[in-house]
Q: 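Got a structure for you, questions after.
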Amino acid sequence: MIKKVTLLLLVSWVGIVSLKGQKIYKKIDTKAQEQWVDSIFNELTLDERLGQLFMVAAYSNRDEKHYQEIDKLITEYNIGGLIFFQGGPYRQAKLNDRYQAKSKIPLAIAMDAEWGIGMRLDSVMDFPKQMTLGAIKDNKWIYEMGKEVANQFHLLNMHINFAPVVDVNVNPNNPVIGYRSFGENKFKVSDKGIAYMKGLQDNGVMANAKHFPGHGDTGVDSHYDLPVINHSTERMTETELYPFKQLMKDSLMSIMIAHLQVPAYDDRENMPTTLSNKVVTDLLRNDLKFDGLAFTDAMNMQGVAKYYNPGEADVKALQAGNDVILFPLDVPKAIKQVKKAIKKKKLDQASIDERVKKILRAKYWFGLNDYSPINTNNLTKRINNDYAQLLNRILYQKAITVVDNQEELLPMLDLGKNEMASLQVGGGENAEFERMLGKYARFDHVKIDSLDNAALDSMAKYKTVVVGYHGITNSPKNRHGVNLNEIEFIRKLQKRTKVIVVAFGNAYSLQYFTGIKNLICTYEDNEITQNLVPQIIFGAIKAEGKLPISASEKFKAGLGIETLTTSRLSYGLPSEVGMHIDSLRKIDTIIEEAIREKATPGAQVVVARKGKVVYQKNFGYQTYNEVKPIDDNTIYDIASITKVAATTQIVMKLYEEKKLDINQPIGNYLDELDSTNKKDLLIRDILTHQAGLKPYIPFWEKTVSDGAMKEEYLIDAQGPNHNFKIEEQRVLPPSLSDSVWQWTIDSELRTLPKKKKSYDYLYSDLGYTLIYRLVSKIIEEPVEDFLNREFYNPLGLSSTVFLPLEKGYNEEIAPTEVDDYFRNVVVCGNVHDQNATLMGGIAGHAGLFSNANDLAILMQMNMQMGEYAGTNYFNDWTIPIFTSAQFLENRRGLGWDKPITGTDEGPTSQFSSASTFGHTGFTGAAVWADPAEELVFIFLTNRTYPESDNFKLIEENVRTRIHDLLYQSIFEPKAGE
């Protein structure tokens with residue numbers, strides 16, 4: 001009778017547990033689930049049921065011996081799951097399918113992937129660590145990360161992520177949690193933990209809160225020994241348990257028990273919480289009412305393994321109330337010991353069976369009742385998808401924290417003649433940081449071997465120094481890698497000049513940056529943070545992160561100065577501005593084909609939309625000998641783009657200052673045009689190329705005889721105004737520029753068409769010789785000086801120059817032609833245009849050198865109606881006047897070229913709006929801005945090398961085909977209409 005009552009009570013108890021266990025699976029058909037669970041469970045032997053309690057470590061970067069060991073554990077011991085560690089996506093996918101095929105019951109696959117599967121697998125991007133996430137104010141982004149990590153898991157048929165860490169890291173010297181925690185504030189840890197958990201579980205991946213009952217205030221790493229936490233139960237309840245309870249109140253499906261000793265809960269000697277029934281059963285199950293899966297932490301960790309033998313520890317873990325033994329050291333021995341414990345009634349078979357059913361219910365929730373092999377097509381690409389990359393940038397951007405800006409240097413607005421340097425400190429890689437700084441201003445990138453007074457003097461000469469502090473570690477030992485001598489050097493330097501310091505790494509390192517002003521913390525040091533910080537420094541994007549921990553009295557949790565944003569170009573991904581990367585990727589194909597066909601040896605391309613550069617690539621080499629690859633610093637002769645990038649900028653400025661009336665004849669300003677046929681030419685007609693000027697007159701031919709320069713046009717000593725070399729040690733006399741001017745004003749006009757009172761449109765370089773003379777007279781200073789002061793320097797155009805060889809450029813310059821008919825040299829660094837050569841290399845129609853990034857900034861400023869980074873270079877009405885078509889039968893604006901809309905003819909894409917403006921250059925260059933789509937397109941090349949009569953680039957419509965792709969990436973359906 002007693003036996004019957006006992007059995008009845010046991011059945012009732014199991015039934016209650018079954019109902020409680022359903023809560024975490026409430027979104028699925030529980031009837032179908034129970035039918036599946038029962039059908040599987042009833043086919044299992046007692047030994048096979050025990051196997052379901054074990055989750056074994058698997059690696060995809062090991063040899064066949066390891067793989068066969070896993071095979072054996074699956075086939076002989078019926079293990080319930082695998083936790084994958086190091087390896088690669090394709091290798092893991094192959095092994096996953098192999099192991100599932102061998103398993104009688106589908107395996108639950110897990111990974112310890114706190115910052116995504118990149119934490120374990122090669123070829124996969126890393127999401128931010130949890131401390132970085134802790135700096136983000138809006139937890140929706142953490143939810144999005146959880147969602148995308150879930151996507152990664154599904155692509156590899158994985159089901160359980162041992163994340164999030166919800167330990168409250170109140171101990172700065174914690175050797176094992178630290179950066180893995182969301183921070184020191186229990187409320188924020190809870191909220192962010194819930195966001196991550198829900199991102200995973202709402203999208204079909206089981207989350208796992210760890211490390212219960214709280215690993216945030218330990219001074220010992222449980223991988224190496226058993227940490228002891230001597231807090232009271234009241235303190236544990238108030239702080240350590242708080243996040244776990246909040247996640248449990250929501251929808252937490254599993255939890256990991258830590259290897260800790262908490263005497264307040266269980267004071268038995270060397271009793272880890274993992275093996276304590278007082279913690280797992282009494283506290284977790286009974287007091288906190290948690291009914292999800294309880295996993296042990298890895299049983300190979302010394303927090304357990306140091307004090308308990310394999311098998312013994314596994315039995316104790318089950319006795320304590322855990323459901324799954326994670327990373328057992330010896331499965332055969334463990335199962336043998338568990339069977340003995342059952343036989344000796346130290347473990348109850350009914351409770352074991354219920355745990356097995358609980359695991360099977362979870363497997364049904366995972367979808368393992370209908371398992372399909374992994375699709376490995378483009379697997380890595382699908383894992384590292386465009387949205388994941390965009391999300392990753394957003395997460396890092398929103399975390400980066402300005403912790404000091406007392407001198408209000410951030411953001412840097414006024415560039416002017418600000419001489420800048422970047423200094424790398426602490427070792428590590430700095431390339432991306434330097435590259436991005438160079439997109440905003442000209443920097444000298446300095447590396448100092450010895451931080452002595454000489455080094456201090458050399459750095460103090462700069463007006464602003466940006467210090468990138470690298471080599472910061474996550475370990476509290478050795479001050480997180482911070483060198484106090486380096487910090488002292490920075491303190492001395494900031495007394496002598498303006499200094500901005502970027503701490504690339506762990507926020508706890510800030511305790512050693514006391515006294516450092518203008519300080520930014522990135523939490524991590526990688527290509528993304530190095531890319532983003534310069535954009536924050538120069539105000540292209542804002543800093544909005546808040547410290548999740550207290551590093552010192554000065555740098556306390558919650559500190560974070562939000563910086564302002566300006567209208568400077570930022571740099572990001574196409575998806576940020578509504579462009580599809582697949583269309584933009586086709587640019588690569590077009591340019592690579594052009595290089596193969598020898599249409600050009602190389603090219604630079606920049607695409608910006610809505611104020612963000614979303615495509616910037618360099619292709620090929622400076623020449624076909626493939627010695628010097630094109631990079632961001634390569635500068636090109638931009639030929640006729642000089643007209644709009646230089647001369648027209650001055651004209652617009654003089655026009656709005658009422659120093660120049662474009663409706664007046666040019667002779668009103670230039671007395672030397674009296675008694676010439678140029679006197680009455682309207683400036684408006686000259687700017688729109690309908691003044692009757694001949695398109696081109698090869699004045700240079702006057703100076704050549706038998707393929708060589710006439711001696712009378714060469715001198716051996718440099719002239720008083722410039723030292724423009726046409727041959728080695730031979731320079732042009734300054735007077736030759738005057739000769740070109742005279743030849744220009746003496747030139748004949750075109751014949752006026754019959755029955756026409758005015759000239760029609762015909763593109764001419766000569767007009768800009770006239771305009772150059774005009775603006776030079778009005779500004780009464782060298783054109784180059786005016787441009788640098790008014791535009792180039794304050795815009796931060798570091799590579800836009802005339803006469804680049806005189807400015808110290810050399811290796812960066814792409815040659816334009818092998819000239820065997822005029823100059824008899826390789827033209828490189830001197831203007832390609834022959835008439836501009838005679839004028840000393842600086843002319844109104846040619847002579848400017850630049851790179852794609854600088855031109856993108858200049859075009860963005862013009863597209864923004866003359867405003868850039870808080871400075872108004874023009875009144876907002878000026879540029880629209882100049883960039884609008886002036887006449888019905890002439891597409892041109894004032895100086896600017898325009899599209900022929902609605903056709904595939906003309907210099908632009910057929911999809912360009914009527915508001916588009918820009919210009920092209922003889923060397924193959926093109927710059928276009930479309931205000932309607934907020935789109936900027938820059939294309940630079942030296943198609944003229946080695947021969948200027950190579951027109952393949954133009955014949956194949958390379959520039960316009962690429963331009964088309966930009967619009968297709970925005971509105972492909974429209975493009976197909």
Side-chain angles (χ1 to χ4, degrees), residues 114-115 126-137 139 141-142 164-189 191-193 215-217 395-405 410 425-426 428 433 467-484 486-487 490 500-526 528-530 532-533 536 543-563:
E114 296 164 17
W115 49 91
D126 287 337
F127 282 112
K129 313 296 191 297
Q130 287 190 198
M131 186 68 75
T132 310
L133 299 177
I136 297 174
K137 293 190 298 181
N139 293 331
W141 297 111
I142 300 172
V165 173
V166 291
D167 300 314
V168 183
N169 201 78
V170 294
N171 185 346
N173 295 315
N174 193 321
V176 65
I177 304 301
Y179 67 95
R180 298 168 62 196
S181 166
F182 288 116
E184 68 180 38
N185 183 294
K186 66 180 182 180
F187 303 108
K188 292 183 178 180
V189 169
D191 292 343
K192 293 176 188 300
H215 213 316
D217 194 9
L395 292 167
Y396 279 113
Q397 177 185 334
K398 292 187 174 297
I400 293 171
T401 306
V402 173
V403 295
D404 186 282
N405 192 25
L410 302 170
V425 178
F433 186 50
V467 178
Y469 202 109
H470 302 268
I472 295 172
T473 70
N474 289 316
S475 174
K477 296 180 180 179
N478 301 318
R479 299 180 299 274
H480 289 278
V482 176
N483 185 313
L484 298 183
E486 293 169 343
I487 298 298
I490 296 171
I500 296 169
V501 181
V502 186
F504 282 104
N506 194 296
Y508 283 116
S509 70
L510 297 177
Q511 63 188 291
Y512 304 108
F513 285 77
T514 302
I516 300 298
K517 297 179 286 187
N518 313 309
L519 181 59
I520 303 171
C521 178
T522 69
Y523 304 95
E524 301 180 44
D525 190 355
N526 55 42
I528 296 177
T529 56
Q530 290 192 29
L532 292 171
V533 169
I536 289 172
E544 51 188 306
K546 304 291 182 182
L547 282 179
I549 54 87
S550 296
S552 66
E553 281 299 311
K554 180 179 181 182
F555 302 125
K556 289 189 173 183
L559 174 65
I561 302 164
E562 294 194 23
T563 57

Q: For residues Lys137 and Glu562, determine if any side-chain heavy atom of one lies less than 4.5 Å from a side-chain heavy atom of the other.
A: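 With C-beta onward as the side chain, the pair touches.
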Q: Hey, what do you get for CG (Asn174) to CG (Asn474), rounding to the nearest 0.5 Å?
A: 12.0 Å
Q: So how far is it from Thr514 OG1 to Phe555 CZ, rounded to the nearest 0.5 Å?
A: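 CZ of Phe555 is found 6.0 Å from OG1 of Thr514.
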Q: Quick one, Asp126 and Glu524 - any side-chain contact, counting heavy atoms below 4.5 Å?
A: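 Answer no - side chains too far apart.
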Q: Are any non-hydrogen side-chain atoms of Leu510 and Leu547 less than 4.5 angstrom apart?
A: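 Leu510 vs Leu547: side chains touch.
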Q: Check whether any side-chain heavy atom of Pro548 lies under 4.5 Å from a side-chain heavy atom of Tyr523, and answer yes or no.
A: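 Side-chain contact under 4.5 Å: yes.
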Q: Taking C-beta and beyond as the side chain, do Tyr508 and Asn169 meet within less than 4.5 Å on heavy atoms?
A: yes
Q: Is there side-chain contact between Phe513 and Val482, with heavy atoms separated by less than 4.5 Å?
A: yes
Q: Testing the 3.5 Å rule here: is there a donor-acceptor pair between the side chains of Asn139 and Asp191?
A: no
Q: Answer yes or no: is there a side-chain heavy-atom contact under 4.5 Å between Val533 and Tyr396?
A: no
Q: Check each of Lys188, Met131, Gln130 against Phe182 using the side chain to side chain contact (heavy atoms under 4.5 Å, CB included) test, and report the only one that passes.
A: Gln130
Q: Kindly state whether the ring of Phe433 and the ring of Phe504 have centres lying under 6.0 angstrom apart.
A: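 Under 6.0 Å, so yes.
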